[in-house]
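Following: one structure in structure tokens, then a few remarks.
Just so we're on the same page: letters track the sequence lines, and every chain starts at 1. Computed from heavy atoms alone, side chains included, the values below leave out hydrogens, waters and symmetry copies.
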Number of protein chains: 2
Amino acid sequence: MFAEIITIGDELLIGQVVDTNSAWMGQELNKIGIEVLRIVSIRDREEEIMEAIDNAMERVNIVLVTGGLGPTKDDITKQTLCKYFHTELVFNEEVFENVKRVLAGKIPMNALNKSQAMVPKDCMVINNPVGSASVSWFERDGKVLVSMPGVPQEMIAVMTESVLPKLHARFQTDVIMHQTFLVQHYPESVLAEKLESWENALPECIKLAYLPKFGIIRLRLTGRGQNREEVKVLLEREKLKLEEILGEDIFSEEDTPLEVIVGELLKKKKLTVSTAESCTGGSIATRLTSIAGSSEYFNGSVVAYSNEVKMEILHVSSETLERHGAVSEETVIEMVKGAMKTLKTDCAVATSGIAGPGGGTPKKPVGTVWIAAGYKNEIHTYKQETNRGRSMNIERAGNNALLMLRDLLK
Amino acid sequence: MFAEIITIGDELLIGQVVDTNSAWMGQELNKIGIEVLRIVSIRDREEEIMEAIDNAMERVNIVLVTGGLGPTKDDITKQTLCKYFHTELVFNEEVFENVKRVLAGKIPMNALNKSQAMVPKDCMVINNPVGSASVSWFERDGKVLVSMPGVPQEMIAVMTESVLPKLHARFQTDVIMHQTFLVQHYPESVLAEKLESWENALPECIKLAYLPKFGIIRLRLTGRGQNREEVKVLLEREKLKLEEILGEDIFSEEDTPLEVIVGELLKKKKLTVSTAESCTGGSIATRLTSIAGSSEYFNGSVVAYSNEVKMEILHVSSETLERHGAVSEETVIEMVKGAMKTLKTDCAVATSGIAGPGGGTPKKPVGTVWIAAGYKNEIHTYKQETNRGRSMNIERAGNNALLMLRDLLK
């Protein structure tokens, strides 16, 4: 069963907003056996919306449209859908009640908000529990088109509560199963060479993809077929072969963020963690605390940009800073010790480097980052090199720090 | 002049990767007067790539393709382009030298890497300074198709250094100008009502769009025409009218991240800043330090998740924590004072709240966040309410903290 996603909004085309909706929708549709064939982003123009919808309705059975449902003048999706499906907008009492409920106490009701209660006549209207734009579900010739709000939290709410269950019930679908492996220690081409003969022998219905990201490669095996058990058995067989080839270099068999992997380990071992960050500027703490429930194992962090903070809060000695500099193995060792002591945790990570674009020297060029991971008395260090731009240097340092901590805890 | 972007890769359709390339490309193309009409994401399948390219080449004059150029088996863009343009792959010595240079000292050369030096015969080949996949520039019937790598850093490098300048030189383009306004204090519909009569009177060639995000609304005026001066004058005229209507509620006239706005203010006033973060977990520090040169005004942060850290490093009194709780106005006031004192800065922000999904109580439901901003002896506080999910609660709290700090410094 195939679907197409159409996202509508000038802001997507001029690049003011990154379309994160489609990726989320693709993931969730896959889980119920619906494969997304195409994602199309278009402007808020009637003729362009009409054309995109028409093409999609020819190609696939399920068309999911997001965006263009706001109360303002630039949003025209609802009117355009009426034109496409030869229907008209009518006032819907139930939707109006929902608009009132959603806005209650926040903003006064005005004519524009009221217009949110005008919905296409010949469709099933689905309420939006978290916003004022409702969902329209059209059917024609056995095909379904669903129009949803473009605000991510609203789209996610209506997809989860209504659209996904209804699609699942409405269509008979092929089984699609994915198995992801997170692999460290390999550049893509070296890994590909190592896996070549295994990959060439994969059965027709199983596909392999490489997704490299900041020093980690995600390998994704995708199986599809009509029988869940058959696909499962085939995938399982290839999984075992891959595990034999790569062994410990596979550090996770779920497409799980590192902060979750580390968090789970800490919880299991009942340990606490802290961070002492210079060039990563708190981003490792941000990643660790992005996980609900992280307060169970995360105590706190010190972002030590200035040497003064390194000395006074993390107790890095002035001698170390003078002799070896802030970006040195010696400094990150003292930082990681300082974090464990000051923040009273069982383990910690520390970073100090030159994220760039400025600040490099011949001996310590931009991109140089010293990283330490500590667990009680054991401390590992690593020197990250090669400049890939400020944000990527920071991201990679976070990945390396968390991978090092994971290895220590294993 | 219109362009279409085609991004290729199964990972986009199953949602394992968010397409951030298109937004960046849209922004940059706009700056040279090229408008993106459509963004299409498709799978690594020959017939689907052929169809998408064919449709795009009919619709627009410029087609930009990213992805599918890796050394592995799942990448087939190069071969498919050869088929579409009736040409073949040939070995290119110059590209091979570049592949060797890029890989030098990192990974050994193997057959897969060598295949990166095979390029389409009838096209202009552009070198990739940061990766091994080269760029192919095809021309047919006055139209241009450029195939680029999908890795963001590589795409950005080749676009910036080669593709954008070449497109600018190759095509005569309409002038497109944008003016963005960042507005605070308004829900979208209230703002729309306030602006309605002005918006209705806008000249034909100027369009207004609303882009709400976490408590901030970005208003974007877009003017287009053949004469730069004319468009500029028209935009300027509407800008003045809008400024008169909204006054101080416009807090920026550039589409600038808050961390940049605050950073510029701090630099101008030669002040230093720190943060004391509980529920935001270091994300405000991460935002502040994401800006190159932030070490000039950013000293450090304390992420104080546990009460112990709040007391010992930030000197929040145990009495305050006991009497009012960690999520209270009193606590964030002591946190912000503690940050200024311990981290020796002129100003600071502090947050403490219940990001969710767990941890709420009837008196302090999930979504409650107390925020303080301090500048020397002046401290402002704000209670953020309404739960919008963990990550959005955190993001909004960061926005509010930075907006409060900006107001204090103004």
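- In this structure, no portion of Asn21(A) lies under 4.5 Å from any heavy atom of chain B.
- Looking at Val151(B), there are no atoms closer than 4.5 Å to chain A (heavy atoms on both sides), in backbone or side chain.
- Heavy atoms of Ile291(B) lying under 4.5 Å from chain A belong exclusively to its backbone.
- Of the atoms belonging to Arg38(B), heavy atoms from both backbone and side chain fall under 4.5 Å from chain A.
- Looking at heavy atoms from C-beta onward, Asn30(A) lies out of side-chain contact with Ile34(A) at the 4.5 angstrom threshold.
- Comparing Ile14(A), Ile42(A), Thr72(A) by heavy-atom pairs within less than 4.5 Å of chain B, the highest count is held by Ile14(A).
- A donor and an acceptor atom, one from each side chain of Lys310(B) and Tyr305(B), are nowhere located under 3.5 Å apart.
- Of the listed residues Ser41(B), Ser22(B), Gly282(B), Gly70(B), the one with more heavy-atom pairs under 4.5 angstrom with chain A than any other is Ser41(B).
- Glu199(B) pairs by the side-chain contact (heavy atoms from CB on, under 4.5 Å) definition with Lys73(A), Leu202(B), Leu208(B), Tyr210(B), not counting sequence neighbours.
- Heavy atoms closer than 4.5 Å to chain A are found nowhere in Glu28(B), neither backbone nor side chain.
- Using a 4.5 Å cut-off between heavy atoms, Asn307(B) does not touch chain A at all.
- Interface summary for chain B: among Gly389(A), Ala52(A), Gly300(A), the most heavy-atom pairs under 4.5 angstrom belong to Gly300(A).
- Counting only N and O atoms by type, the side chains of Thr275(A) and Glu277(A) include a donor and acceptor under 3.5 Å apart.
- In this structure, Arg45(B) has no side chain to side chain donor-acceptor pair (under 3.5 Å) partners at least two apart in sequence or on a different chain.
- The greatest number of non-hydrogen atom pairs below 4.5 Å with chain B, out of Asp74(A), Val302(A), Thr7(A), Thr286(A), is found for Thr286(A).
- Note: Arg220(A) leads Met392(A), Gln153(A), Arg220(A) in heavy-atom pairs under 4.5 Å with chain B.
- Comparing Leu37(A), Leu195(A), Val309(A), Ile394(A) by how many heavy-atom pairs each has under 4.5 Å with chain B, the most go to Leu37(A).
- With respect to chain A, the highest number of heavy-atom pairs below 4.5 Å among Val36(B), Ile313(B), Ile39(B), Ile6(B) belongs to Ile39(B).
- Put simply, the side chain of Trp24(A) does not reach to within 4.5 Å of the side chain of Asp19(A), judged on heavy atoms.
- When side chains are defined from C-beta on, Asn299(B) does not count as touching Val273(B), because their heavy atoms never get closer than 4.5 Å.
- Classification of Arg59(A) and Glu4(A) as a salt-bridged pair holds, one side-chain N sitting under 4.0 Å from a carboxylate O.
- Heavy atoms closer than 4.5 Å to chain A are found nowhere in Arg287(B), neither backbone nor side chain.
- Salt-bridge annotation for Arg218(A) and Glu11(B): absent, with no side-chain N of the basic residue lying under 4.0 Å from a carboxylate O of the acidic one.
- The residue among Gly358(A), Ser290(A), Ala304(A) with the most heavy atom pairs within less than 4.5 Å of chain B is Ser290(A).
- Thr272(B) and Thr345(B) form no side-chain donor-acceptor contact under 3.5 Å, judged by distance and modelled atom types alone.
- With respect to chain A, the highest number of heavy-atom pairs below 4.5 Å among Thr20(B), Ile5(B), Asp255(B) belongs to Asp255(B).
- Contact of Leu12(A) with chain B is made through the backbone alone, with heavy-atom distances under 4.5 Å.
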- Query: Yes or no on salt bridge (charged side-chain N to carboxylate O under 4.0 Å, His left out) for Lys207(A) and Asp10(B), after CA distance, side-chain angles and deciding distance?
  - Reply: CA-CA 10 Å; Lys207(A) 247 184 140 255; Asp10(B) 288 6; 3.0 Å; yes
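- Residue Thr180(B) touches chain A through its side chain alone, counting heavy-atom pairs closer than 4.5 Å.
- For Ala355(B), no part lies under 4.5 angstrom from a heavy atom of chain A.
- Heavy atoms of Met25(B) lying under 4.5 Å from chain A are absent altogether.
- Under the 4.0 Å criterion applied to side-chain N and carboxylate O atoms, Lys344(B) and Glu312(A) are assigned as salt-bridge partners.
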